[in-house]
2 protein chains.
Amino acid sequence: MARPSRTDLAVLGALSVQPMSGYAVRAAITETLGHFWSESFGQIYPALARLEAAGLVRAAADGRTSGRVFEITDDGLARLRALLAEPDEPAPPRNGLLLRLFFGRLLGPEVCRGLVRDVRARAEASLSTYAALRREVEAEPDAGNRAYFLVTVAAGEHGARAQLAWADEALALLAAADDPGAH
Amino acid sequence: MARPSRTDLAVLGALSVQPMSGYAVRAAITETLGHFWSESFGQIYPALARLEAAGLVRAAADGRTSGRVFEITDDGLARLRALLAEPDEPAPPRNGLLLRLFFGRLLGPEVCRGLVRDVRARAEASLSTYAALRREVEAEPDAGNRAYFLVTVAAGEHGARAQLAWADEALALLAAADDPGAH
DNA sequence: ATCAGAACATATCTGCCAGATATCTACAAC
DNA sequence: GTTGTAGATATCTGGCAGATATGTTCTGAT
């Protein structure tokens, strides 16, 4: 059997916090889950239709602007718990940067160093984003969720720091590769 | 315009090393690029057909067993260089583990710690895989490629070590979340 | 010698998903 | 009053993974 839609999981999760329109679900996921999750409209609207047909989600009163506001039902909450409890099958790896670097000889050392420097810069930017996010989460009034939120922030921080350290090591390796003896 | 197929890039890359059948392309990618890339047959065979129609790849003499062996053409090599030089647009984030941990309160601290312990164990296993891979690459006779290969191994190592460190931090955070005062 | 099964090989289909595009409405600023 | 911005919904294309089906060649055990 195919893997169940992870969009359903994310949408139900968003609606478990508060009722929202499809548009707002997208915004909530981008803002709050943005550093480890993303959804597109092309997935969200069909998902909401599926979920509504299955009785996991129900249209509440219309909001201020036009558009339907959905709320999660009891069945939906049960389904959310079930989906959360399912094992997470890690996605197959697909790292375009490493693919390029593996064939780096065709690209030349200088171009490769440029790629690595870009990653390094992005990792540094991420780190300050995460610092701000951490301060936000540490001020989170909902003590019951704080630790879970912090765990996701920590994942981002460790990942970004690892990229930084890797970039420096890679730059050193590629500087050595540059020596005129090669080829 | 849509993102060009990254499968084409990987397949051309594989064929740039030596002529191969579609089956062997898949095996080569799994074995050699496996820690940062993957391809399925459902992608490889259509890609080969596209590439052949575009003259980037050509059927060589049949191999020992039945099945067509493809080799890269000069145009194909040029196309490979062009694809390599294209900027790598990072994939949108989709981390099922962090999604689960974010909604961890619905799952309970013990289940969450179980998820983290699984990651920790997998990261530890990866580390010894990378150690073996590093020894292999350091013995690589092709000096011109060694640095590029090492860069990809280093990425895996840094990533795995980051996961280990994160897992320990997460376990500590989730132990604190367990205290009976919560909810 | 033959037979089983492992490895080699190709092809197709379903469903998840991102990103682009096309509309439409409410509201605020000018 | 019109123009821009935010809110809102919907649809289509194409990349991609994973499952499945099917056939061939080689090898090792009996």
Side-chain angles (χ1 to χ4, degrees), chain A residues 1-11 14-15 19-31 33-34 37-53 57 59-70 83 86-96 99, chain B residues 1-11 14-15 19-31 33-34 37-52 57 59-70 83 86 88-96 99:
Chain A
M1 195 74 78
R3 178 215 287 151
S5 167
R6 288 138 90 217
T7 296
D8 290 3
L9 174 51
V11 170
L15 292 181
M20 273 181 273
S21 69
Y23 184 88
V25 165
R26 151 86 175 198
I29 288 174
T30 302
E31 279 161 37
L33 274 39
W37 201 260
S38 80
E39 287 296 343
S40 58
F41 289 127
Q43 287 300 114
I44 287 176
Y45 286 109
L48 281 171
R50 266 200 310 275
L51 261 17
E52 191 183 21
V57 133
D62 280 14
R64 317 179 307 290
T65 63
S66 69
R68 297 202 303 156
V69 171
F70 293 93
L83 286 172
E86 271 181 16
D88 167 48
E89 321 182 34
R94 227 142 199 267
N95 187 323
L99 186 59
Chain B
M1 196 70 80
R3 178 213 289 150
S5 166
R6 288 138 89 219
T7 296
D8 290 2
L9 173 52
V11 169
L15 292 181
M20 273 181 275
S21 68
Y23 183 89
V25 166
R26 151 85 175 200
I29 288 175
T30 300
E31 279 161 37
L33 275 37
W37 201 261
S38 80
E39 287 297 341
S40 57
F41 288 127
Q43 286 301 115
I44 288 177
Y45 286 109
L48 246 15
R50 266 199 310 276
L51 261 17
E52 191 183 22
V57 133
D62 280 15
R64 319 180 304 292
T65 62
S66 70
R68 298 202 302 155
V69 171
F70 293 93
L83 287 172
E86 271 182 16
D88 167 48
E89 321 183 34
R94 227 143 199 268
N95 186 323
L99 186 59

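Here is how names work: the chains are called A, B, and so on, in the same order as the sequence lines, proteins then strands, and each is numbered from 1. A quick note: this is a predicted structure, and the numbers were derived from the prediction, not measured.
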Novice: Nearest to the B:S21 side chain among C:dT10, D:dT11, C:dC16, which nucleotide is it?
Specialist: C:dT10
Novice: When the distance from CE of A:M20 to P of D:dT9 is rounded to whole Å, what number comes out?
Specialist: 12 Å
Novice: Select from B:A24 and B:P46 the residue whose nearest nucleotide in DNA chain C is closer to the 5' end of that strand.
Specialist: B:A24
Novice: CZ of A:F70 versus P of D:dA8: gap in Å, rounded?
Specialist: 12 Å
Novice: Does D:dC16 have OP1 or OP2 under 4.0 Å away from a side-chain N or O of A:R94?
Specialist: yes
Novice: Answer with base, sugar-phosphate or nothing: what part of the nucleic acid does A:S40 contact at a heavy-atom distance below 4.0 Å?
Specialist: base
Novice: Give a yes/no answer on whether the side chain of B:S38 brings an N or O atom under 4.0 Å of OP1 or OP2 in D:dA17.
Specialist: yes
Novice: Can you tell me how far C1' of C:dA20 sits from CD of B:E89, to the nearest Å?
Specialist: 13 Å
Novice: For the residue pair B:T7 / A:R94, report whether a side-chain donor-acceptor contact shorter than 3.5 Å exists.
Specialist: yes
Novice: Using whole Å, what does the distance between atom P of nucleotide D:dA8 and atom CG of A:L48 come to?
Specialist: 13 Å
Novice: Could you state the atom-to-atom distance from CZ of B:F41 to P of C:dA9 in whole Å?
Specialist: 10 Å
Novice: Output yes when at least one side-chain N/O atom of B:Y45 is less than 4.0 Å from OP1 or OP2 of C:dT10, else no.
Specialist: yes
Novice: Going by an N to O cut-off under 4.0 Å, is there a salt bridge joining B:R6 and B:E39?
Specialist: no
Novice: Start with the C-alpha gap between A:L15 and A:L51, add the side-chain angles, then the distance that decides, and say whether side chain to side chain contact (heavy atoms under 4.5 Å, CB included) holds.
Specialist: CA-CA 11 Å; A:L15 292 181; A:L51 261 17; 5.8 Å; no
Novice: If the threshold is 4.0 Å, N to carboxylate O, is there a salt bridge linking A:R26 and A:E31?
Specialist: no
Novice: Let me spell it out: for each of A:D8 and B:G42, pick the nucleotide of DNA chain C with the closest heavy atom. Which residue's pick is nearer the 5' end?
Specialist: B:G42
Novice: Within the structure, does a side-chain N or O atom of A:T7 lie under 4.0 Å from either OP1 or OP2 of C:dC17?
Specialist: yes
Novice: Mind calculating the distance between CD (A:E86) and P (C:dC16) to the nearest angstrom?
Specialist: 13 Å
Novice: Using a heavy-atom cut-off of 4.0 Å across all strands, would you classify A:G22 as base, sugar-phosphate, or nothing?
Specialist: sugar-phosphate
Novice: State, with a plain yes or no, whether a side-chain heavy atom of A:L99 is found less than 4.5 Å away from one of B:D88.
Specialist: no
Novice: What integer distance in Å separates B:E39:CD from D:dG18:P?
Specialist: 11 Å
Novice: Do A:E86 and A:P4 have side chains that get closer than 4.5 Å, going by heavy atoms?
Specialist: yes
Novice: Rounding to an integer number of Å, can you tell me how far A:R26 CZ sits from C:dA20 C1'?
Specialist: 12 Å
Novice: Examine D:dG15: is either OP1 or OP2 under 4.0 Å from a nitrogen or oxygen in the side chain of B:R6? Give yes or no.
Specialist: no
Novice: If you compare every side-chain N and O of B:Y23 against the phosphate oxygens of C:dC8 (OP1, OP2), does one of them come in below 4.0 Å?
Specialist: yes
Novice: Taking only the side-chain nitrogens and oxygens of B:S5, find out if one of them lies under 4.0 Å from OP1 or OP2 of D:dC16.
Specialist: yes
Novice: Could you work out which one of C:dT10, D:dG18, D:dG15 sits closest to the side chain of B:Q43?
Specialist: D:dG15
